[in-house]
Amino acid sequence: MDRPSFFSTRYNSFKFAFKGMTAVFRSEPNMHLHVLASIVVFVMAYRFEVTRTEWCLLVFCVGVVWMAEIFNTSIETLTDLVSPEQHVLAGKTKDLAAGAVLMAAITAVVIGLIIFVPYWSAYLNS
């Protein structure tokens with residue numbers, strides 16, 4: 001039996017990854033909030049003409065929050081599969097994953113404030 005080619009396996013890997021991203025966007029209301037917040041951040045960054053370094057930090061923060069939400073959804077889905085009944089450890093697992101998303105979001109907000117407060121201040125004082 002022939003092994004699949006390198007390119008066909010890479011193609012399938014990307015196809016499955018995009019399928020996963022589509023699933024999280026369709027199934028998770030919190031992801032919609034993350035997308036909305038990301039749009040607001042990027043519009044403000046464009047409007048205030050932030051530096052290249054600030055752009056990198058903002059894109060990184062958005063990426064980390066999105067990844068945390070995807071990991072959280074993955075962990076919750078797997079937990080529901082292996083423990084369909086209520087269990088203390090299953091609940092703790094889901095709470096920890098949600099806490100990771102919250103921590104990523106809080107960190108992103110703090111970095112966003114560090115970047116944007118001087119721009120807002122200068123805008124309001126002009």
Side-chain angles (χ1 to χ4, degrees):
M1 184 168 166
D2 290 331
R3 291 180 59 187
S5 75
F6 173 81
F7 293 107
S8 68
T9 56
R10 296 297 67 77
Y11 170 77
N12 286 333
S13 294
F14 278 99
K15 185 171 67 173
F16 296 137
F18 283 114
K19 185 177 177 181
M21 288 182 63
T22 301
V24 77
F25 284 109
R26 287 185 178 165
S27 69
E28 294 302 313
N30 286 341
M31 195 60 162
H32 300 154
L33 294 175
H34 296 313
V35 170
L36 180 62
S38 301
I39 291 168
V40 169
V41 165
F42 292 144
V43 167
M44 286 193 313
Y46 178 78
R47 163 64 181 86
F48 287 128
E49 299 177 356
V50 299
T51 67
R52 182 176 299 214
T53 302
E54 291 167 335
W55 267 110
C56 290
L57 288 168
L58 294 170
V59 169
F60 180 77
C61 286
V62 165
V64 167
V65 171
W66 285 28
M67 285 187 294
E69 186 63 49
I70 293 167
F71 285 137
N72 177 48
T73 301
S74 174
I75 290 167
E76 286 182 349
T77 302
L78 184 59
T79 301
D80 290 343
L81 174 68
V82 299
S83 182
E85 70 286 341
Q86 293 244 336
H87 191 281
V88 173
L89 293 177
K92 182 176 180 180
T93 299
K94 292 169 105 175
D95 292 345
L96 289 167
V101 177
L102 180 61
M103 191 68 233
I106 289 170
T107 302
V109 166
V110 170
I111 291 171
L113 289 172
I114 290 169
I115 290 172
F116 286 120
V117 164
Y119 288 102
W120 290 331
S121 180
Y123 176 76
L124 294 173
N125 292 329
S126 62

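Both backbone and side-chain heavy atoms feed into the values below; hydrogens, waters and symmetry mates do not. If you're wondering where the values come from, they're calculated on a predicted model, not measured in any experiment.
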Has the side chain of [X] got a donor or acceptor atom that lies under 3.5 Å from a matching backbone atom of [Y]?
| X | Y | result |
| --- | --- | --- |
| Thr77 | Thr73 | yes |
| Thr93 | Leu89 | yes |
| Thr79 | Ile75 | yes |
| Thr9 | Phe6 | yes |

Does any non-hydrogen side-chain atom of [Y] lie less than 4.5 Å from one of [X]?
| X | Y | value |
| --- | --- | --- |
| Glu28 | Ile70 | no |
| Cys56 | Glu54 | no |
| Ile115 | Trp55 | no |
| Phe116 | Val41 | yes |
| Arg47 | Tyr119 | no |
| Phe71 | Val101 | no |

Tell me whether [X] shares a hydrophobic cluster with [Y], the cluster being built from Ile, Leu, Val, Met, Phe, Trp, Tyr side chains joined at under 4.5 Å.
| X | Y | answer |
| --- | --- | --- |
| Val40 | Leu124 | yes |
| Val59 | Val109 | yes |
| Ile39 | Val50 | yes |
| Leu57 | Tyr46 | yes |
| Ile111 | Val43 | yes |

What do you reckon, is CZ of Phe42 surrounded by more than 12 foreign heavy atoms closer than 6.0 Å?
-> yes
Residue pair [X] / [Y]: nearest heavy atoms and the distance that separates them:
| X | Y | value |
| --- | --- | --- |
| Leu58 | Gly112 | CD2-CA, 4.4 Å |
| Val65 | Ala108 | CG2-CB, 3.8 Å |
| Asn30 | Glu69 | CB-OE1, 3.8 Å |
| Ala100 | Ala68 | O-CB, 4.4 Å |
| Pro4 | Ser8 | CB-OG, 3.6 Å |

Distance from His32 atom NE2 to Arg26 atom CZ, nearest 0.5 Å?
-> 10.0 Å
Hey, could you give me the CG/CZ distance between Asn12 and Arg10, rounded to the nearest 0.5 Å?
-> 9.0 Å
Angle class for the Phe48/Tyr123 ring planes (parallel below 30°, perpendicular above 60°, tilted otherwise)?
-> perpendicular
